[in-house]
Number of protein chains: 2
Amino acid sequence: MLHEEVVGRVRAMLLDGEIPPGARIPERDLCEKLQISRTPLREALKVLAAEGLVQLLPNRGSRAARLTDKDMRDLFEVCQGLEALAGELACERITDAEISDVADAHAAMVRHYGDRDLLQYYRCNRFIHEAIIAAAGNPVLSGLYESVTARIRRARYVTPMTPRRWALAVQEHEAILNALQRRDGVGLSHILRAHLRHKREEVMQAGFAETAPLEQARAS
Amino acid sequence: MLHEEVVGRVRAMLLDGEIPPGARIPERDLCEKLQISRTPLREALKVLAAEGLVQLLPNRGSRAARLTDKDMRDLFEVCQGLEALAGELACERITDAEISDVADAHAAMVRHYGDRDLLQYYRCNRFIHEAIIAAAGNPVLSGLYESVTARIRRARYVTPMTPRRWALAVQEHEAILNALQRRDGVGLSHILRAHLRHKREEVMQAGFAETAPLEQARAS
DNA sequence: CTAGCCATTTTTGAATTCAAATTGGATCGT
DNA sequence: ACGATCCAATTTGAATTCAAAAATGGCTAG
């Protein structure tokens, strides 16, 4: 197994919650689960610690990082900034074909909204946002965006969505597509910022913070 | 030596150019220079690779990453986005005392401009930008900014500055301080974007890209 | 019966060891 | 003499081993 693969596997376990936030990570167990020795696993853990997904405690091993309300706010704020930037750049660089792809995804998303199919709605939603990032043609930006969104994804897609919020989100997405088609970079960046701000308010209000998960439930 | 210390030492060597861009990194040599074994060094290299400072070649070791023109453009663009975001947030959160610090640094910077003391000018310049980032009160943002600026720092501060450009930069900094004192977030973010765009044009025009460093000069 | 202390065990951190891949050079063939 | 191929030596990647730190459990004393 390649180094990057180990990092990817462990990252997925953290993001999927297979290793829950705050849980200790016993190297030995993970090693045999992944069928590797401790050396490559420890390399991966250090990389993930630098990404903010893992917390290293000197001489006491590592834990899955836990997001506080503040962390969540900070991540959303940065995400807002990155998407706004991506929106501006995308309007300068996106091709007609790419706009067409986004329009298709948007149409599909609106259909799923009509069906109240939240899962498929989110799939299209995510595709659209990622397409805008990709259209910015800036790998540094893409990398940071990927890293930031990965950490808030669960919160973003698990928070219950009220009919009121959902309708607003769809409306905002109409504006997003519109600005993109007009290649109105400044307009798009404003809409994206507002869109993310609303999403953040939604998530923060739901109080998703990964606080105090109790070290471990102990069977008595 | 602690893990983070190893990462820091090697990062410094890369950023200072002690290990020049494109140079191969012989693990063995670095190990004895740092007085550690290969295991912790390799952990550090993988972390630095994730940061984009080191390029890992499977089964062929690692090299100090080399920035192309495109990389430089991408990094500056992201930096622009981050500073713009920080500017907006800072205007909401900065204290009067912090504004006062920035004003002092600005005054000192203008004096150094008058003396044509580029080194001291840059010191104040950097302090101001970092103070704005810090005032945003967002550690995620600070971390990304630190990582991005570190990679372009040499280009940013080594590019020769024409009198024309320098005067413009000082003028822009006047506007930056002014917007900050008025707590005009939108205005500040616009000025910062323009400021960074000009800096980027300056650097890109100077053609700083770290291209073709010749594998190694060979004494015949 | 509880609290505090010490020995044991477990787990982490790092050096060493071992295997695999690559590189450079030498030999052989054309 | 030139080129291809094979072998040795170096270097990388990962497992194992060793040492140090922390957690655990038991023991004794109050």
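Given the structure is predicted, the values throughout are model-derived calculations rather than measurements. Chain letters run A, B, ... following the sequence lines, proteins first, then strands; residues in each count from 1.
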Peer 1: Figure out the CG/C1' separation between B:L56 and C:dA21, and round it to whole Å.
Peer 2: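 The distance from CG of B:L56 to C1' of C:dA21 comes to 16 Å, rounded to the nearest Å.
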
Peer 1: When the distance from CZ of A:R28 to C1' of C:dG13 is rounded to whole Å, what number comes out?
Peer 2: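 That distance rounds to 16 Å.
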
Peer 1: Taking atom C1' of C:dT23 as reference, at what distance in whole Å does atom CG of B:L57 sit?
Peer 2: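 After rounding, the gap between these two atoms is 14 Å.
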
Peer 1: Give a yes or no on whether a salt bridge exists between A:E83 and A:R193, defined as a side-chain N under 4.0 angstrom from a carboxylate O.
Peer 2: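 Judged by the 4.0 Å cut-off on N to carboxylate O distance, A:E83 and A:R193 do not form a salt bridge.
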
Peer 1: State plainly whether the residues B:D74 and B:K70 are in salt-bridge range, i.e. N to O under 4.0 Å.
Peer 2: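 Answer for the salt bridge query: yes.
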
Peer 1: Between C:dA14 and B:S37, counting only base atoms on the nucleotide and side-chain atoms on the residue, is there a donor-acceptor pair under 3.5 Å?
Peer 2: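 Per atom types, no contact qualifies.
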
Peer 1: Between A:K199 and A:E77 (salt bridge meaning N to carboxylate O under 4.0 Å), is one present in this structure?
Peer 2: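 Answer for the salt bridge query: no.
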
Peer 1: Would you tell me whether B:R165 and B:Q205 have side-chain atoms, one donor and one acceptor, within less than 3.5 Å of each other?
Peer 2: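 Yes, a side-chain donor-acceptor pair sits under 3.5 Å.
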
Peer 1: I need the CZ-C1' distance between B:R42 and C:dA15, as an integer number of Å.
Peer 2: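 Rounded to whole Å, this separation is 14 Å.
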
Peer 1: Let me know the distance between CZ of B:R60 and P of C:dA20, rounded to the nearest Å.
Peer 2: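 Rounded to whole Å, this separation is 20 Å.
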
Peer 1: In this structure, how many angstroms lie between the P atom of D:dT16 and the CD1 atom of A:I36, rounded?
Peer 2: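 That distance rounds to 12 Å.
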
Peer 1: With no angle test and no hydrogens, is the base of C:dG13 tied to the side chain of A:R38 by a donor-acceptor pair under 3.5 Å?
Peer 2: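 It does, because a donor-acceptor pair links the side chain of A:R38 to the base of C:dG13 below 3.5 Å.
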
Peer 1: Among D:dG13, C:dA15, D:dA21, which is the nearest nucleotide to the side chain of B:E27?
Peer 2: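 Minimum distance to the B:E27 side chain belongs to D:dG13.
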
Peer 1: How many Å lie between CD on B:E5 and P on C:dA14, as a whole number?
Peer 2: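 So the two atoms are 11 Å apart, to the nearest Å.
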
Peer 1: Rounding to an integer number of Å, can you tell me how far A:N59 CG sits from D:dA22 C1'?
Peer 2: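 For the pair A:N59 CG and D:dA22 C1', the rounded distance is 8 Å.
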
